[in-house]
Each structure stands twice: as C-alpha cells, then as structure tokens.
Amino acid sequence: MRLTYFGHCAFRWETPGGVTAVADPYRNQADRYWFTRMFPDIRCDLGLITHAHFDHDAVERLPETASILRTPGEFATGDLQIRGVQDLHSGASRLRDFPNVMFRLDAGGVSFLHIGDNRVEWPVDVAFAVGNVDMLLVTVDDSNHLLTYEQVDSLVQRLQPKVVIPMHYAIPGLTASECELLPPDGWIARQTTVRRLETDRVEFSSGLLPAQTEVWMFQPASESLNAPEIGP
C-alpha cells in the first residue's frame, strides 16, 4: 500500500492491486489566491471530492478517464473499497449547512478516513458509518481555520487511529502569502509521538503500523512543488 501527499488536502492511494485514487485536488478561484502552483498532472483511476470548495474540487486537473465520486454510498473497484459518509462542513455558521462527504478507504488490510472539511460533532449514524479506522487524515493548522486544537484532539481520542496525518495547512512553495492558513506547528508541539517523514510518500502494510497513535508529517510531493506557477 502506498500513500502520497500532494499538499493541502490532496492525497493519492495506490493499492497492492494497482488501483489509484486521488482525494481533493486544489485550485484557486477569482477572489481566492491560495496556491502558487497548479495541481500537478498525475495519474489516477478515481477522484474523490469531499465538497465543492475551490481548494478541494479541481476535477479538471484529473485525467479525463478518472471516475469522480462526490456522493455518499458504498463503492468498490479491484481491491479498493470506499464508503462516502455525508455530514456537514465545519467552521462559521454560514457553512454549517454545507454538505461534506468524508471518505473511508479500505485496501491492503488498512482503513483510512479523509474527513475533508468536516465538523467533529458527528451524529450517531455518521459515527457508526465511519467505524474504526487505522489512519486519520485531519484538518489542522495554527490559525484554527476549521478546527481548534481541542476539536482535533477529541476526534483522535474518539477514533483511536494508529496514525494521524495533518492536512489543510500552509506549505512554503505551494501556498500563497495571501492564504488564510498557517503551519500546524503549535498543534504538533502538543503531540507525544511525531514522525517527520523526509519524503512525500510512504509504503506500508497493516503489520507495519504503530501499536500506539503516531502523528506522521509528510513532505509535499515534488510533482506539486515543480508544477507550473500561477499568479494572483
């Protein structure tokens, strides 16, 4: 199993059977200049879009042959199983009725949850649909743009994942100074076990996951940092 980080909330899964899925490719919009580079040209079979905000839904940057999933439900292809669980976007009151689909992915004996920009106050049916997960991909930055430190900690405590992967934070060389986000350093400093990876991707199996919860910090993929530059 291989997981690659392309910056912001964009990840690619490559299963042992060769299925590839990409979640939340990013872009700018006319009045929001967050990214200094285009989302890179990468291969995938599936595109997973958690919600229709500019920094999560650059489907035009995915291959024309990719199938796009935006909705809740159960999906399977090859050795990859996907469950879309719909809930609500976090943040200001104007967004609290904005739908967000969290994606649970299962492959190679490992379960992942990409929460998109979801809130942490899940109804019982949402929590039941998500279930237990091995790896949690969660939004966290020092501006508390979406979730507070305490909210992130409560979600980790509830799910008890083996690995927590921060996302949705400022990255030098990829996010613009006009971006409202900050790095996640303050939250990272509060964590007990942090593994700072020197790479943008990691290969692993279920037997190689840690026994106790660790935070893994990825480097952004070289494809992202070398993608074409875009101005405001």
Side-chain angles (χ1 to χ4, degrees), residues 2-14 22-44 47-51 53-62 90-91 112 114-118 135-149 151-153 155-156 163-204 214-232:
R2 177 185 293 169
L3 181 66
T4 304
Y5 183 46
F6 291 96
H8 201 55
C9 294
F11 292 83
R12 180 172 62 191
W13 291 262
E14 299 173 73
V22 170
D24 284 4
Y26 48 80
R27 61 178 173 82
N28 292 319
Q29 64 181 31
D31 59 342
R32 306 295 291 276
Y33 178 61
W34 276 25
F35 304 100
T36 60
R37 295 182 181 276
M38 298 178 67
F39 189 76
D41 183 13
I42 59 175
R43 182 181 69 85
C44 68
L48 312 179
I49 307 299
T50 59
H51 63 290
H53 283 158
F54 71 99
D55 53 327
H56 298 261
D57 73 342
V59 293
E60 74 280 0
R61 297 297 303 162
L62 299 181
S90 66
F112 306 81
H114 187 297
I115 74 164
D117 284 359
N118 214 81
M135 304 187 73
L136 171 66
L137 286 60
V138 64
T139 53
V140 57
D141 83 300
D142 291 349
S143 75
N144 294 167
H145 180 78
L146 292 166
L147 302 177
T148 65
Y149 295 167
Q151 287 176 318
V152 176
D153 292 341
L155 186 57
V156 172
V163 175
V164 179
I165 302 175
M167 62 180 184
H168 206 286
Y169 56 84
I171 296 175
L174 181 61
T175 48
S177 58
E178 293 89 339
C179 178
E180 303 166 13
L181 305 176
L182 295 173
D185 298 343
W187 182 81
I188 291 294
R190 295 160 52 107
Q191 307 310 304
T192 303
T193 306
V194 178
R195 181 180 172 192
R196 294 185 179 273
L197 304 175
E198 297 300 324
T199 180
D200 54 15
R201 64 202 70 191
V202 63
E203 295 184 2
F204 53 87
E214 293 182 357
V215 176
W216 288 7
M217 288 294 296
F218 282 71
Q219 298 297 318
S222 58
E223 294 98 322
S224 298
L225 297 179
N226 294 327
E229 291 189 30
I230 46 178

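No experiment lies behind these values; they were computed from the predicted model shown. Here, residue 1 is the first one in the sequence, and each next residue gets the next number.
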Whether the side chain of [X] engages the backbone of [Y] through a donor-acceptor N/O pair (distance < 3.5 Å, no angle test) should be reported.
X: T36; Y: L174; answer: yes
X: Y5; Y: M217; answer: no
X: R12; Y: R2; answer: no
X: T193; Y: E214; answer: no

### From D153, D141, D142, residue fulfilling side chain to side chain donor-acceptor pair (under 3.5 Å) relative to W187
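Single side chain to side chain donor-acceptor pair (under 3.5 Å) partner of W187 among D153, D141, D142: D153.
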
Rounded to the nearest 0.5 Å, what's the gap from [atom1] on [X] to [atom2] on [Y]? Could you check?
X: R201; Y: L3; atom1: CZ; atom2: CG; answer: 10.0 Å
X: S224; Y: I42; atom1: OG; atom2: CD1; answer: 7.5 Å
X: I230; Y: Y33; atom1: CD1; atom2: OH; answer: 6.0 Å
X: I171; Y: L181; atom1: CD1; atom2: CG; answer: 9.5 Å
X: I49; Y: H56; atom1: CD1; atom2: NE2; answer: 10.0 Å
X: E178; Y: F35; atom1: CD; atom2: CZ; answer: 12.5 Å

### Task
Check each of D57, D55, D117, T50 against D24 using the side chain to side chain contact (heavy atoms under 4.5 Å, CB included) test, and report the only one that passes.
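Going through D57, D55, D117, T50 one by one, the side chain to side chain contact (heavy atoms under 4.5 Å, CB included) with D24 is satisfied by T50 alone.
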
### Message
Is there a side-chain contact (heavy atoms from CB on, under 4.5 Å) between V140 and Y169? Walk through the geometry before answering.
### Response
CA-CA 7 Å; V140 57; Y169 56 84; 5.5 Å; no

### Residue pair Q191, V164: steps toward the side-chain contact (heavy atoms from CB on, under 4.5 Å) verdict
CA-CA 10 Å; Q191 307 310 304; V164 179; over 6 Å; no

Looking only at heavy atoms, which two atoms of [X] and [Y] are closest? And how far apart?
X: R37; Y: Y26; answer: O-CE1, 3.9 Å
X: P40; Y: E223; answer: CB-O, 3.4 Å
X: C44; Y: L62; answer: SG-CD2, 4.1 Å
X: H114; Y: A23; answer: CD2-CB, 3.8 Å
X: L225; Y: P172; answer: CD2-O, 4.1 Å

### Side chain to side chain, T139 and H145, heavy atoms closer than 4.5 Å
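When only atoms from C-beta onward are counted, H145 and T139 do not touch, as no gap falls below 4.5 Å.
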
### Task
Taking the side chain as every heavy atom from C-beta outward, state whether T4 and E14 have any pair of such atoms under 4.5 Å apart.
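The answer is yes; the side chains approach within 4.5 Å.
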
### Derivation of the side-chain contact (heavy atoms from CB on, under 4.5 Å) call for M167 and H8
CA-CA 6 Å; M167 62 180 184; H8 201 55; over 6 Å; no

### Task
State whether the number of non-hydrogen atoms from other residues, nucleotides or ligands found under 6.0 Å of D185 atom CG is greater than 12.
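Yes, because the 6.0 Å sphere around CG of D185 holds more than 12 heavy atoms from other groups.
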
### Contacts of F54 that satisfy ring-ring contact (aromatic ring centres under 6.0 Å, His included) - sequence neighbours left out
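For F54, the residues satisfying ring-ring contact (aromatic ring centres under 6.0 Å, His included) (neighbours in sequence not counted) are W34.
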
### Query
Using 30° and 60° as the class limits, which term best fits the ring planes of H51 and H53: parallel, tilted or perpendicular?
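The arrangement is perpendicular - the two ring planes meet at more than 60°.
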
### Query
Which class fits the ring pair F112 and W13: parallel under 30°, tilted 30 to 60°, perpendicular over 60°?
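F112 and W13: perpendicular rings.
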
